[in-house]
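All remarks here apply to the structure that follows.
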Amino acid sequence: MATTEHPPPSRLRAWMLEGLSDMGKGAGHHGPQAEAAPTHKGQRWWRVMCLTGVDYFSTLGYQPGIAALAAGLLSPIATIVLVIVTLAGALPVYRRVAEESPHGEGSIAMLERLLSFWQGKLFVLTLLGFAATDFLITITLSAADASTHLVENPHLTGALHDKQLVITLLLVALLGAVFLKGFLEAIGVAVALVGIYLALNVVVVIVGMWHVATAGHVITDWTSALTAEHGNVFVMIGVALIVFPKLALGLSGFETGVAVMPHVEGDPGDTEERPVGRIRDTKKLLTTAAVIMSCFLIATSFITTLLIPENEFKSGGQANGRALAYLAHEYLGNAFGTVYDVSTIAILWFAGASAMAGLLNLMPRYLPRYGMAPHWARAVRPMVIVFTLVAFLVTWIFDADVDAQGGAYATGVLVLISSAAIAVTIAAHKAGQRNWCIGFAVISTVFLYTTVVNVIERPDGVKIGACFIAGIILVSLMSRLARAFELRVTHVELDDMAERFVRDMASRKIRLIANEPDRRDKAEYRDKIEQIRADNEMPEQEDFVFVEVTVTDPSEFEAGLTVRGEVLHNRYRVLTVESASIPNALAALLLHVRDTTGCTPHIYFEWTEGNPFANFLRFFLFGQGEVAPVTREVLREAEPDRARRPRVHTG
């Protein structure tokens with residue numbers, strides 16, 4: 001195919017767009033690195049678990065404090081509800097997601113396959129908005145909590161007092177700088193960070209449990225206060241169920257767990273079509289991570305609720321956003337507490353890196369395929385700058401407050417989990433698995449309820465999500481509009497009959513008639529030829545080949561073109577094509593015919609009736625509309641040399 005030549009880019013532009021030509025290869029449903037997947041050796045599942053664990057396990061840095069603020073004395077009971085939902089709800093859902101999308105596409109790709117046309121694209125864009133909310137708030141919230149641990153450290157609190165916003169912005173900027181230089185996910189670093197962090201938390205939990213056990217009045221005081229405040233066990237459970245949505249941050253990490261599937265080694269006999277070992281080991285990864293996190297959530301919520309005064313959890317308190325660090329300093333001394341702070345800051349910062357990597361993998365997976373991203377969106381560095389600036393804005397809006405960002409983070413997490421639950425419910429229904437379908441439907445209902453309650457009580461999350469959705473859709477539609485006249489055809493293939501038609505025409509003058517198929521009877525083709533001859537004053541001895549394009553899914557942006565030849569009514573030669581857009585398909589066919597024959601083809605149209613603007617909208621949305629001028633414009637964009645450009649005639 002002919003393409004427009006551009007002048008050599010500047011050094012800065014070349015550096016910013018480095019790797020752009022390779023980014024989309026093999027994207028499909030397998031992401032921008034799909035072609036490399038078959039040669040990727042992979043890692044043992046427990047090592048990859050640490051990669052997703054920097055996101056999942058790092059929430060221990062702030063989850064106990066948020067739970068205490070949300071549920072008060074009921075925090076341990078509400079956390080048990082969270083654990084039940086995790087093990088009986090989220091875990092089965094994502095084990096099924098791992099089966100359905102073994103290349104790391106996740107639940108969004110599952111729903112994309114179930115929906116088509118524009119409603120499917122808009123639905124995916126909406127989910128991408130919430131995914132962007134999830135990942136970006138992971139970056140800003142983790143950086144904010146890391147700065148909290150730094151500022152509240154007894155050795156630094158005097159020097160860094162009131163500097164939390166500045167420190168958070170510096171951490172976000174440092175994260176962006178690392179990605180601008182070039183970031184490779186180091187599983188070894190993740191293993192070290194997670195191993196040290198979990199080991200330190202085990203020490204804190206054991207010491208905390210020891211103090212609870214040796215100070216008998218602590219449990220007595222807690223149970224007495226619970227009874228006085230809530231009455232009986234059933235009321236406590238009911239209230240815990242009501243406040244549970246506020247603890248939804250503890251469900252984060254499952255989407256990341258599926259996204260890292262391509263890194264799992266699996267079995268030697270695994271293939272990309274049937275990676276049985278990878279699926280099995282990913283299920284182990286998800287289950288082990290969920291069990292470990294569940295044990296820590298219950299234990300940490302218990303000791304923090306019983307050992308930390310309630311006022312310390314509130315804004316300005318020493319345990320706000322750092323409950324376990326408070327216990328580490330209080331019961332193990334400032335030296336151990338400082339080591340714990342350093343470990344927490346490191347894993348929280350690395351959680352932001354994991355989220356940034358997720359964003360850079362997610363957006364190029366979908367938007368360029370939809371034609372809804374500029375060309376530079378395939379390159380890493382421009383997207384890093386965009387995401388970093390957005391993270392700056394979010395940090396400034398929330399004033400680097402961990403508690404204030406909790407609602408937005410929970411909304412993103414819950415929307416993705418709810419979409420995953422709905423996706424596996426539909427998949428089970430299509431597979432005829434009635435019991436699984438009912439079970440997943442119940443889980444979907446629970447997560448939808450949790451999402452709605454979270455949105456009602458903390459609307460900041462849906463507001464931020466709505467901003468991301470509106471921004472993504474607006475930019476996507478503008479990009480699609482700007483790229484509407486691209487060729488949008490990756491390759492052209494002709495069957496044997498079509499090849500014969502083209503070779504025969506090449507011996508004379510190649511004349512094609514664009515025809516909108518209707519009844520396809522003899523009269524239709526006879527009348528069309530007579531009309532074209534009359535409009536263009538052509539002699540009767542000229543012969544033609546009809547080209548008929550049937551629009552399949554107009555929301556698709558680019559695909560290959562298969563051309564089939566047939567003879568109708570023992571007289572009329574017809575080339576039939578299926579494509580998302582009529583003008584782009586015709587332009588691609590003309591250029592292919594020119595390149596294979598060395599002759600300049602001519603194509604004949606009739607003008608489309610109706611308002612030109614309305615016809616352009618029909619082309620933009622449905623791939624039809626004003627075909628003749630748009631075909632000519634696509635050809636002009638694809639072939640800058642007017643002398644070599646196929647001829648377009650309209651009468």
Full working for side chain to side chain contact (heavy atoms under 4.5 Å, CB included) between I422 and L448: CA-CA 9 Å; I422 293 171; L448 287 172; 4.2 Å; yes

With side-chain hydrogen bond (donor to acceptor under 3.5 Å, both in side chains) as the criterion, how do N201 and Y340 come out once you've worked through the C-alpha distance, each side chain's angles and the decisive distance to 0.1 Å? CA-CA 8 Å; N201 275 287; Y340 185 89; 2.7 Å; yes

dist T148:OG1 -> L141:CG (nearest 0.5 Å) comes out at 9.0 Å

Distance col, row F130:CZ vs I137:CD1, nearest 0.5 angstrom, shows 12.5 Å

Apply the test side-chain hydrogen bond (donor to acceptor under 3.5 Å, both in side chains) to residues T86 and S294: give CA-CA distance (whole Å), side-chain angles for both, the deciding distance (0.1 Å), then the verdict. CA-CA 8 Å; T86 298; S294 297; 5.2 Å; no

Between I139 and G352 the two heavy atoms that sit nearest each other are CG1-O, 3.5 Å

Is E312 reaching over with its side chain to a backbone N or O of Q318, donor-acceptor style, under 3.5 angstrom? yes

With a 3.5 Å distance limit and no angle check, can you tell me whether D145 reaches the backbone of S142 through a side-chain donor-acceptor pair? no

Going through the distances and angles, do V54 and V194 end up as a side chain to side chain contact (heavy atoms under 4.5 Å, CB included)? CA-CA 6 Å; V54 294; V194 169; 3.8 Å; yes

Checking T425 against S444 for the side-chain hydrogen bond (donor to acceptor under 3.5 Å, both in side chains) test, could you report, in this order, the C-alpha distance in whole Å, the side-chain angles of both residues, the deciding distance, and whether it holds? CA-CA 8 Å; T425 302; S444 300; 3.1 Å; yes

In Å, rounded to the nearest 0.5 Å, how long is the span from CG of L171 to CH2 of W349? 9.0 Å

Does the T52 side chain pair with the main chain of M49, one donor and one acceptor, at a distance under 3.5 Å? no

Kindly give the heavy-atom pair with the smallest separation between F57 and A289, and that separation in Å. CE2-O, 3.7 Å

At their closest point, which heavy atom of A146 faces which heavy atom of I345, and how far apart are they? O-CG1, 3.4 Å

Backbone N/O of P102 and side chain of R278: donor-acceptor pair under 3.5 Å: yes

Answer yes or no: is there a donor N or O on one side and an acceptor on the other, between the side chain of S75 and the main chain of G72, under 3.5 Å? no

Using modelled atom types only, decide if a donor and an acceptor are shared between the side chain of T287 and the backbone of K284 within a distance under 3.5 Å. no

Test log, rule side chain to side chain contact (heavy atoms under 4.5 Å, CB included), inputs T138 and M356: CA-CA 9 Å; T138 297; M356 179 70 85; over 6 Å; no

So does E310 have more than 12 non-hydrogen atoms from other groups sitting under 6.0 Å from CD? no

Dump the intermediate steps for side chain to side chain contact (heavy atoms under 4.5 Å, CB included) on H211 and V207, then the final yes or no. CA-CA 6 Å; H211 280 277; V207 172; 3.6 Å; yes

Check the angle between the aromatic planes of Y56 and F254 and answer parallel, tilted or perpendicular using the 30° and 60° thresholds. tilted

Rounded at 0.5 Å granularity, tell me how far OH in Y197 sits from CZ in F350. 15.0 Å

Would you say L200 and V339 make side-chain contact, with heavy atoms under 4.5 Å? yes

Measuring from L307:CG to M209:CE, what's the distance to the nearest 0.5 Å? 9.5 Å

d(T300 OG1, Q63 CD) to nearest 0.5 Å is 8.0 Å

Would you say the side-chain atoms of S58 pair up with the backbone N or O of D55, donor to acceptor, closer than 3.5 Å? yes

When you measure from the side chain of T338 to the backbone of N334, do you find a donor-acceptor pair of N or O atoms at a distance under 3.5 Å? yes

If I compare all heavy atoms of L324 with all of L60, which pair ends up nearest, and what's the gap? CD1-O, 3.7 Å

